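Beneath this line is the structure, given in structure tokens, with notes to follow.
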Amino acid sequence: MEKSLNGVHHITAMASDPQANYDFYTQILGMRFIKKTVNFDAPDVYHLYYADEVGTPGTVLTFFPFPDARRGKRGTGEITVVSFSVPSTSLNYWMERFANLGIDFDGQKKKFDYEFISLLDPDGMKIEIVADPNVDSIVGWYNGEVPPEYSIRKFFGTTFYLRNSNPTEELLSEIMGAKLVSSEGKIKRYSLGENTSQSFMDILEDAVSPRATGGAGTVHHIAWRTANDEEQLNWRKRILDAGYYPTEVVDRNYFHSIYFREPGGILFEIATDQPGFMVDESFENLGTDLKLPEWHEPKRKIIEQILIPLKTKSFIKQN
Ligand code: ZN
């Protein structure tokens with residue numbers, strides 16, 4: 001039985017305009033668009049997936065873009081920052097890139113000995129690009145907009161902004177297997193997962209700020225990795241026994257999921273590594289067609305009419 005969850009599996013956030021979202025994450029940040037599908041629970045909205053070249057768990061950022069969505073309001077009870085790891089010597093490249101593209105950024109700064117820069121996505125979601133020596137050995141996406149030696153490798157971690165962090169820290173450390181690695185000022189840094197699947201959670205407590213309001217530019221939930229269905233059921237039992245209310249297992253086509261709300265207000269998911277994103281598309285075709293799970297397939301015509309068209313680039317064969 002797994003002693004701890006294996007870091008982040010994916011992070012899902014809300015957006016407004018799907019095209020602006022696609023252009024930013026593929027053209028500016030250089031991630032690979034690996035899946036165009038719909039929100040399985042509300043199939044009139046896209047579910048867009050960006051990741052490394054194959055959608056390795058720990059690299060997958062997904063969005064529900066509601067074209068007319070209002071922006072959320074930052075506050076407690078949410079994840080306020082999504083951080084990505086880039087190779088340790090690549091921050092200069094990124095600063096130059098953003099400057100050339102006319103993208104505002106802040107930095108370079110240092111937190112827990114890691115240099116980083118920060119910027120906002122088109123909906124105002126805060127992103128950090130962190131120089132991370134632990135990812136120097138991971139190979140980057142070779143066919144993206146960013147040269148592979150500089151490209152985003154994986155999630156570095158997230159920042160949890162909480163009214164009262166104690167119950168969340170207890171859940172992370174005593175149930176999920178996270179370790180407190182360091183604290184600096186008002187931030188406590190926890191780590192979950194090993195080696196290349198390690199992710200950090202920076203916990204920032206603020207007892208007076210109002211709660212966040214969901215909307216475009218806010219994180220909807222964070223999913224943690226478990227190896228397979230059997231381990232997932234073990235985790236479900238452990239979480240139930242600890243007094244939380246996990247859902248039954250839900251089939252998300254590319255992984256299987258359970259969900260529960262942690263005591264600070266953030267929606268947690270535990271997702272399996274299998275079966276992965278090539279279950280319905282080949283490596284070259286990842287992200288090419290609108291993919292629907294078989295139970296929504298009969299409604300394809302209606303769904304396609306409702307969704308606004310999204311212009312995406314195809315994989316270019318290298319010689
Ligand atoms: Zn999810």
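Quick caveat: nothing in here was measured; it's all calculated off a predicted structure. All ligand and atom numbering here is 1-based and tracks the order in the structure.
Tyr244 has its ring centre less than 6.0 Å from the ring centre of Phe260. If you look at Phe255 and His10, their ring centroids are closer than 6.0 Å.
Side chain of Thr218 to backbone of Gly214: no donor-acceptor contact under 3.5 angstrom is found.
Applying the side-chain hydrogen bond (donor to acceptor under 3.5 Å, both in side chains) rule to Asp44 yields no partners; only residues at least two apart in sequence or on another chain are considered. A search for side-chain hydrogen bond (donor to acceptor under 3.5 Å, both in side chains) contacts involving Lys35 returns Asp280, Glu281, not counting sequence neighbours.
Neighbouring protein atoms of the Zn ion (ligand 1) (N, O or S, distance under 2.8 Å, waters ignored): His10 NE2, His221 NE2, Glu269 OE1.
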Side-chain donor-acceptor pairs of residues 75-85 under 3.5 Å, sequence neighbours excluded:
from: Thr76; atom 1: OG1; to: Ser209; atom 2: O; distance (Å): 3.4
from: Thr76; atom 1: OG1; to: Pro210; atom 2: O; distance (Å): 3.3
from: Glu78; atom 1: OE2; to: Gly75; atom 2: N; distance (Å): 3.1
from: Ser83; atom 1: OG; to: Glu128; atom 2: OE1; distance (Å): 3.0
from: Ser85; atom 1: OG; to: Asp132; atom 2: OD2; distance (Å): 2.7

